[in-house]
Colleague: 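One structure is given below, represented as structure tokens, and several questions about it will come after.
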Amino acid sequence: MDKAFSPAEIESRLYARWESLGAFKPNGVGPAYSIVIPPPNVTGTLHMGHAFQDTIMDALIRHRRMQGCDTLWQPGTDHAGIATQMVVERQLNAQGIGRIDLGRAAFIERVWQWKRQSGGIISNQMRRLGASVDWTRERFTMDTDLSNAVAEVFVRLFREGLIYRGKRLVNWDPVLKTALSDLEGVSEAEQGSLWHLRYPLADGSGYVVVATTRPETMLGDAAVAVHPQDERYRALIGRSVRLPLADREIPIIADDYADPKFGSGCVKITPAHDFNDYEVGGRNGLPMTNIMTPEAKLNDNVPPAYRGLDRAAARTKVVADLEALGLVDRIEAHELLVPRGDRSQAILEPLLTDQWFVKIAPLAAPAVQAVEQGRIRFVPENWSAVYFEWMRNIKDWCISRQLWWGHRIPAWYDEAGRVYVGKSEAEVRALHGLADGVALRRDEDVLDTWFSSALWPFSTQGWPEATREMSVYYPTSVLVTGFDIIFFWVARMIMMGLKFTGDVPFREVYVHGLIRDHDGQKMSKSKGNVIDPLDIVDGIGLDALLAKRTTGLMQPQMKPAIERATRKQFPQGIAAFGTDALRLAFASLATQSRDLRFDLARVEGCRNFCNKLWNAARYVMMNVGGAEFGLADRWIRSRLATALARAEEGFAAYRLDLVASALYDFTWHEFRDWYVELTKAVLQSDDASAAQKRGARMTLVGTLETLLRGLHPLAPFITEEIWQRARAAAGERGETIMLAPYPRAADLAADADAERQMAWVQQFILGVRQIRGEMDIAPSRKIDVVLQNAAAADLGYLAAHSKFLQRLAGIASLRVLEPGAPAPVSAAALLGTLEILVPMAGLIDPAAERERLEKRRRRAETDLQKLHAKSANADFARNAPPEVVAKDRARIAELQIEIGQLETQAARVRALLAE
RNA sequence: GGGUGCUUAGCUCAGCUGGAAGAGCGUCGCCUUUACACGGCGAAGGUCGGGGGUUCGAUCCCCUCAGCACCCA
């Protein structure tokens with residue numbers, strides 16, 4: 001084995017081997033355990049969030065596979081309608097080609113080309129992360145069979161009346177020129193104005209003042225509303241105003257929507273351009289006059305002077321014209337929420353258009369129940385509150401998009417505009433007896449991408465056919481996802497799954513946090529703080545990193561700031577840490593927090609851990625050429641059982657951070673720091689018997705091999721690589737660690753006696769080391785140790801374990817003082833009543849030792865005082881559990897002895913100093 | 001306005017049902033001890049955001065205040 005662990009060499013080799021062994025496929029026996037991957041954008045690339053999520057899923061899958069489950073991790077990608085169409089359209093524009101010029105069929109062909117060209121990138125990146133998905137089952141949301149499932153669902157929902165088409169107010173993106181769902185708009189507070197406008201009363205008896213943030217829409221006003229209880233305006237209800245500029249008469253109505261405390265208390269009602277006004281208009285039977293084109297310019301429903309003006313220009317002109325008429329009462333600064341499209345960043349316009357909707361309430365009710373009844377469990381539990389909150393207020397889902405890339409809506413229209421829905425034109429004709437001569441025109445729109453995503457858990461398993469996969473792997477075991485898509489995806493999968501399969505799509509939803517940068521900022525291209533996970537695996541130089549972060553910026557003016565920040569954070573670029581280190585870092589990050597700050601130092605620590613494991617294995621392999629199991633052997637097995645039990649608990653609770661820390665702590669601080677060092681006292685000793693050496697060797701390799709299996713789900717590569725070398729010595733067979741059994745704590749017994757004895761050994765060694773460390777005694781300098789007040793038990797342990805003490809504490813000689821014999825002036829450590837003395841002569845500065853003793857005594861006295869105060873309270877003895885009281889008493893006794901001994905020692909040192 | 005979180009060592013975070021405060025990184029000291037300097041040994045560092053309450057006992061439960069973050073309207 002090489003001196004240092006070098007991940008690059010082993011990773012691709014091992015992954016290829018696993019894949020060729022078919023180790024990723026379900027084995028067909030054992031209980032089913034399945035996870036569907038949240039399908040990434042087919043033309044996208046892997047970001048830190050994917051890498052984190054994939055690590056979690058892979059760890060869960062590998063763990064279950066090793067436990068003998070029939071494990072399926074279903075991979076695939078999403079066609080990502082808007083996102084992908086935008087990318088390809090931008091490419092075309094760069095070549096001076098417009099989408100419309102190209103035509104629908106040719107454009108779609110270009111998208112498919114782009115998909116073929118770039119679609120493999122993310123899959124290959126997942127391979128680098130070690131993701132053990134079954135690649136033979138990879139699916140794409142626009143595959144024929146998945147598209148068929150989409151059509152099937154659409155047709156069935158339509159026939160049940162759960163999909164309808166209608167003219168409704170929707171969020172319209174005037175740049176992309178498509179409708180969006182409520183979820184695809186992001187509202188942010190922006191600084192704007194509140195215009196107070198005077199609307200003259202129709203009878204000429206004065207005016208009312210209305211306050212609005214969007215004066216340009218006044219041309220589409222249908223009414224002015226006041227609150228029915230608002231005394232100021234009660235007399236006006238039922239009268240009308242003369243709408244300026246438009247020169248129309250509109251009524252003054254009473255509606256609760258008008259807020260007496262906001263503005264003037266009068267509010268203009270523009271039903272076709274505001275969601276609240278739409279409701280008011282509906283309640284009051286107002287006309288809905290659309291005054292905008294799909295580009296958000298004013299249309300022919302406004303006076304000629306305003307036609308064709310863009311929203312912003314129209315605002316300027318309307319305000320100017322009103323001012324000229326003396327109808328602007330005042331203008332005040334006002335912060336308002338501006339809704340923008342999450343893709344285009346365009347300000348969304350509420351627009352009346354014909355769209356397709358899913359009637360959601362009948363689907364939501366059972367989906368709420370499934371969580372209430374525990375058929376689906378959120379982890380952590382509190383996310384179900386977020387889910388309920390949204391589901392109880394859910395609105396109908398606008399599913400049509402005016403795009404080309406996606407599942408085209410399976411609806412046809414005849415010349416009279418009658419709509420026919422079916423899986424194909426042929427089916428529609430047959431069903432409705434439409435002769436070939438009747439012209440049918442297919443709906444131009446495609447479905448919201450999330451419509452097909454909602455079917456993912458069953459469309460990937462062959463639904464609507466009754467496949468073997470459906471019966472075995474559905475419902476899936478757990479969905480692993482970020483909280484940001486609970487509404488977009490999780491809720492919709494639950495609704496669709498229940499509706500079409502009669503069962504939940506997954507039994508648990510593990511909601512993890514979102515990866516942020518070191519300062520808690522969201523990682524984004526525009527902020528220039530993204531890290532490509534593979535750059536952590538392979539490393540990247542500073543120049544390449546700078547180039548990556550600063551090319552193709554939407555806002556090129558950010559470039560210097562991004563460069564500066566990058567240079568400061570990564571002066572040397574990023575070193576190659578390897579996949580296992582990255583995965584271990586991700587695992588330890590998988591706490592229950594919702595914001596997870598990514599810290600490269602953590603990866604470095606995990607890389608160091610890999611190297612430590614590697615070198616511990618080197619030591620083990622050097623020593624297995626060839627029983628009697630000694631204390632250390634028994635002890636490490638007992639500790640391994642504890643570590644495995646902790647790991648097991650972590651897996652059960654989706655706490656990979658706890659799994660990681662249990663195994664990390666064991667590996668480094670028990671196996672490495674103690675056991676490996678203890679075996680040196682056996683293996684490198686002429687006194688130890690062949691049987692003892694053999695016991696140590698067997699335990700070394702056995703513990704290592706078990707540990708590797710325990711760590712495999714988190715660090716698949718290094719564990720496989722070492723396992724391949726160690727398995728023969730450990731007597732294990734099998735092609736790959738991937739398919740070896742996951743170790744169970746229950747197979748190893750706790751050994752209380754070994755732990756008790758080892759605790760004595762450890763405390764002895766730590767006592768001596770503390771003196772050495774604080775007195776700056778070089779490790780190479782072996783020291784003499786004298787023991788005073790040794791009890792019978794101490795003498796027994798000493799006889800049995802002195803080899804360990806000498807080796808690990810750097811002791812040259814150990815001498816037990818006869819009772820009453822004079823002790824040399826020494827530095828002292830305490831172990832119960834036993835005093836471990838390191839003679840000072842020529843080695844230790846008495847003043848330093850006095851300091852050290854003082855410090856320890858102060859600490860002991862502080863503890864003692866606290867305990868005394870506690871036990872002095874009569875209620876404590878009365879109310880606290882007896883074992884707690886007893887424990888405190890024992891501790892008090894210990895501390896009293898300790899303080900006494902420390903004082904005696906201090907007196908000796910003082911005497912020496914006084915000489 | 002409604003909702004959900006968070007505040008623990010210099011930094012990033014654990015701390016399970018209330019019973020002597022932990023890790024990683026960083027810092028300081030000693031050290032080429034033949035698996036590992038991507039290392040070994042030792043050490044320093046916290047009134048667990050403030051205040052109040054419940055309890056024999058609170059980082060943990062309750063109330064309140066402050067600050068931060070996110071979601072919904």
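None of the values given here were measured: they were computed from a predicted structure. Letters A, B, ... mirror the listed sequences (proteins, then strands); counts begin at 1.
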Colleague: What distance, rounded to whole Å, do you find between the two P atoms, one in B:U17 and one in B:U7?
Modeller: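 Taking atom P in both B:U17 and B:U7, they lie 15 Å apart.
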
Colleague: Closer to the 5' end of RNA chain B via nearest nucleotide, is it A:Asn879 or A:Phe5?
Modeller: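 It is A:Phe5, whose closest nucleotide lies nearer the 5' terminus.
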
Colleague: Please determine if a side-chain N or O atom of A:Asn623 lies less than 4.0 Å away from the OP1 or OP2 oxygen of B:A35.
Modeller: no

Colleague: Identify whether any heavy atom of A:Ser593 sits under 4.0 Å from a base atom; if not, whether one sits that close to sugar-phosphate; answer base, sugar-phosphate or nothing.
Modeller: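 Sugar-phosphate, no base atom in range.
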
Colleague: So which one's nearest nucleotide on RNA chain B is more toward 5', A:Lys395 or A:His669?
Modeller: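 Looking at RNA chain B, the more 5' nearest nucleotide goes with A:His669.
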
Colleague: Taking the P atom in each of B:C41 and B:U32, what is the distance between them to the nearest angstrom?
Modeller: 16 Å

Colleague: Look through every strand shown and name the nucleotide pairing with B:G1 as Watson-Crick or G-U wobble, where both distances are under 3.5 Å.
Modeller: B:C72

Colleague: Using a 4.0 Å heavy-atom cut-off, does A:Arg594 contact any base of the nucleic acid, only the sugar-phosphate backbone, or nothing at all?
Modeller: base

Colleague: Does B:G49 have a Watson-Crick or wobble partner in any strand here, with both distances under 3.5 angstrom, and which is it?
Modeller: B:C65

Colleague: Just checking A:Thr591: base, sugar-phosphate only, or nothing, at a heavy-atom cut-off of under 4.0 Å?
Modeller: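 Touches sugar-phosphate only.
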
Colleague: To the nearest angstrom, how far is A:Asp599 atom CG from B:C25 atom C1'?
Modeller: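 Atom CG in A:Asp599 sits about 7 Å away from atom C1' in B:C25.
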
Colleague: Could you state the CH2-P distance from A:Trp383 to B:G5, rounded to the nearest angstrom?
Modeller: 9 Å

Colleague: Could one point to a donor on the side chain of A:Glu677 or the base of B:A35 with an acceptor on the other under 3.5 Å away?
Modeller: yes

Colleague: For A:Arg392 and B:U4, give me the distance from atom CZ to atom C1', rounded to whole Å.
Modeller: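 That distance rounds to 14 Å.
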
Colleague: Classify A:Tyr664 by what it touches in the nucleic acid, base, sugar-phosphate, or nothing, heavy-atom distance under 4.0 Å.
Modeller: sugar-phosphate

Colleague: Taking any heavy-atom pair under 4.0 Å as a contact, classify A:Asp673: base, sugar-phosphate, or nothing.
Modeller: sugar-phosphate

Colleague: Could you tell me whether A:Glu389 contacts a base, only the sugar-phosphate backbone, or nothing, with contacts defined as non-hydrogen atoms closer than 4.0 Å?
Modeller: nothing

Colleague: Mind checking the P distance from B:C6 to B:C16? Whole angstroms is fine.
Modeller: 12 Å

Colleague: Between A:Lys855 and A:Glu851, is there a salt bridge with N-O shorter than 4.0 Å?
Modeller: no

Colleague: For A:Glu851 and B:G29, give me the distance from atom CD to atom P, rounded to whole Å.
Modeller: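 Computing the A:Glu851:CD to B:G29:P distance gives 19 Å.
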
Colleague: Would the distance check show the side chain of A:Asn615 and the main-chain N or O of A:Asn611 forming a donor-acceptor pair, the cut-off being under 3.5 Å?
Modeller: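 Judged by distance alone, yes, a pair lies under 3.5 Å.
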
Colleague: Inspect the contact between A:Lys887 and A:Glu883 and indicate whether a charged nitrogen and a carboxylate oxygen are less than 4.0 angstrom apart.
Modeller: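 A salt bridge is absent here (no side-chain N lies under 4.0 Å from a carboxylate O).
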
Colleague: Between the side chain of A:Arg772 and the main-chain N/O of A:Ala809, is any donor-acceptor distance below 3.5 Å?
Modeller: yes

Colleague: For the pair A:Glu854 and A:Arg858, find out whether any cationic side-chain nitrogen is under 4.0 Å from an anionic carboxylate oxygen.
Modeller: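 Judged by the 4.0 Å cut-off on N to carboxylate O distance, A:Glu854 and A:Arg858 do form a salt bridge.
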
Colleague: How long is the line joining CE of A:Met775 and P of B:C31, in whole Å?
Modeller: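 Going from A:Met775 (CE) to B:C31 (P), I get 16 Å.
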
Colleague: Using atom C1' in both nucleotides, what's the gap between B:G26 and B:G45 to the nearest angstrom?
Modeller: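 Per the computed distance, 12 Å lies between those C1' atoms.
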
Colleague: By the 4.0 Å heavy-atom rule, please label A:Asn611 as base, sugar-phosphate, or nothing.
Modeller: base

Colleague: How would you label the contact of A:Leu867 with the nucleic acid (heavy atoms, under 4.0 Å): base, sugar-phosphate, or nothing?
Modeller: nothing

Colleague: Going by an N to O cut-off under 4.0 Å, is there a salt bridge joining A:Asp517 and A:Arg597?
Modeller: no

Colleague: Under 3.5 Å, is there an N or O donor on one side and an acceptor on the other linking the side chain of A:Lys612 and the base of B:C36?
Modeller: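 Flag set: donor-acceptor pair detected.
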
Colleague: Ignoring backbone atoms, establish whether A:Arg607 has a side-chain N or O less than 4.0 Å from OP1 or OP2 of B:G24.
Modeller: no

Colleague: At 4.0 Å (heavy atoms only), tell me whether A:Val620 reaches a base, stays on the sugar-phosphate, or touches nothing.
Modeller: nothing

Colleague: For A:Arg781, answer base if it contacts any base atom (sugar-phosphate contacts may also be present), sugar-phosphate if it contacts only those atoms, and nothing otherwise; contact means non-hydrogen atoms under 4.0 Å.
Modeller: nothing

Colleague: Remember a base hit wins even if backbone is also touched, and classify A:Lys866 as base, sugar-phosphate or nothing at under 4.0 Å, heavy atoms.
Modeller: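 Here A:Lys866 touches no strand at all.
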
Colleague: Picking from B:C56, B:A14, B:A43, which would you name as closest to the side chain of A:Ala880?
Modeller: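 The listed nucleotide nearest to A:Ala880's side chain is B:C56.
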
Colleague: Strictly by Watson-Crick or wobble contacts shorter than 3.5 Å, is anything paired with B:U59, and which nucleotide is it?
Modeller: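 Base-paired to nothing in any strand shown.
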
Colleague: Counting the atoms with a prime plus P, OP1 and OP2 as sugar-phosphate, which does A:Ile771 contact under 4.0 Å by heavy atoms, base, sugar-phosphate, or nothing?
Modeller: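 If one applies the 4.0 Å heavy-atom cut-off, A:Ile771 turns out to touch nothing in the nucleic acid.
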
Colleague: Quick one: A:Arg618 CZ to B:U34 C1', roughly how many Å, whole number?
Modeller: 11 Å

Colleague: Measuring only the P atom in each nucleotide, how far is B:U59 from B:C68? A whole number of Å is fine.
Modeller: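 Nearest-Å result for B:U59 against B:C68 at atom P: 26 Å.
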
Colleague: If I pick the C1' atom on B:G3 and the same atom on B:C60, what distance separates them, to the nearest angstrom?
Modeller: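 The same atom, C1', in both gives a distance of 24 Å.
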
Colleague: Under 4.0 Å: is that the gap between some side-chain N or O of A:Arg597 and OP1 or OP2 of B:A69?
Modeller: no

Colleague: Applying the side-chain contact (heavy atoms from CB on, under 4.5 Å) criterion to A:Phe586, which one of A:Ile515, A:Val603, A:Leu656, A:Leu714 satisfies it?
Modeller: A:Ile515

Colleague: May I ask you to say whether A:Arg655 pairs ionically with A:Glu649, meaning some side-chain N is under 4.0 Å from a carboxylate O?
Modeller: no

Colleague: Expressed as a whole number of Å, how far does the C1' atom of B:G57 sit from that of B:C38?
Modeller: 45 Å

Colleague: Once you apply a heavy-atom cut-off of 4.0 Å, does A:Glu883 come out as touching a base, just sugar-phosphate, or nothing?
Modeller: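 Touches nothing.
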
Colleague: Between C1' on B:G40 and CZ on A:Arg772, what's the gap in Å once rounded to a whole number?
Modeller: 12 Å

Colleague: Could you check whether A:Lys680 gets within reach of a base, just the sugar-phosphate, or nothing at all, counting any heavy atom under 4.0 Å?
Modeller: base

Colleague: Separation of A:Ile486 atom CD1 from B:C70 atom P, in whole Å?
Modeller: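 After rounding, the gap between these two atoms is 16 Å.
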
Colleague: Can you tell me how far C1' in B:A21 sits from the matching atom in B:A14, rounded to whole Å?
Modeller: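 Rounded to whole Å, the distance is 12 Å.
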
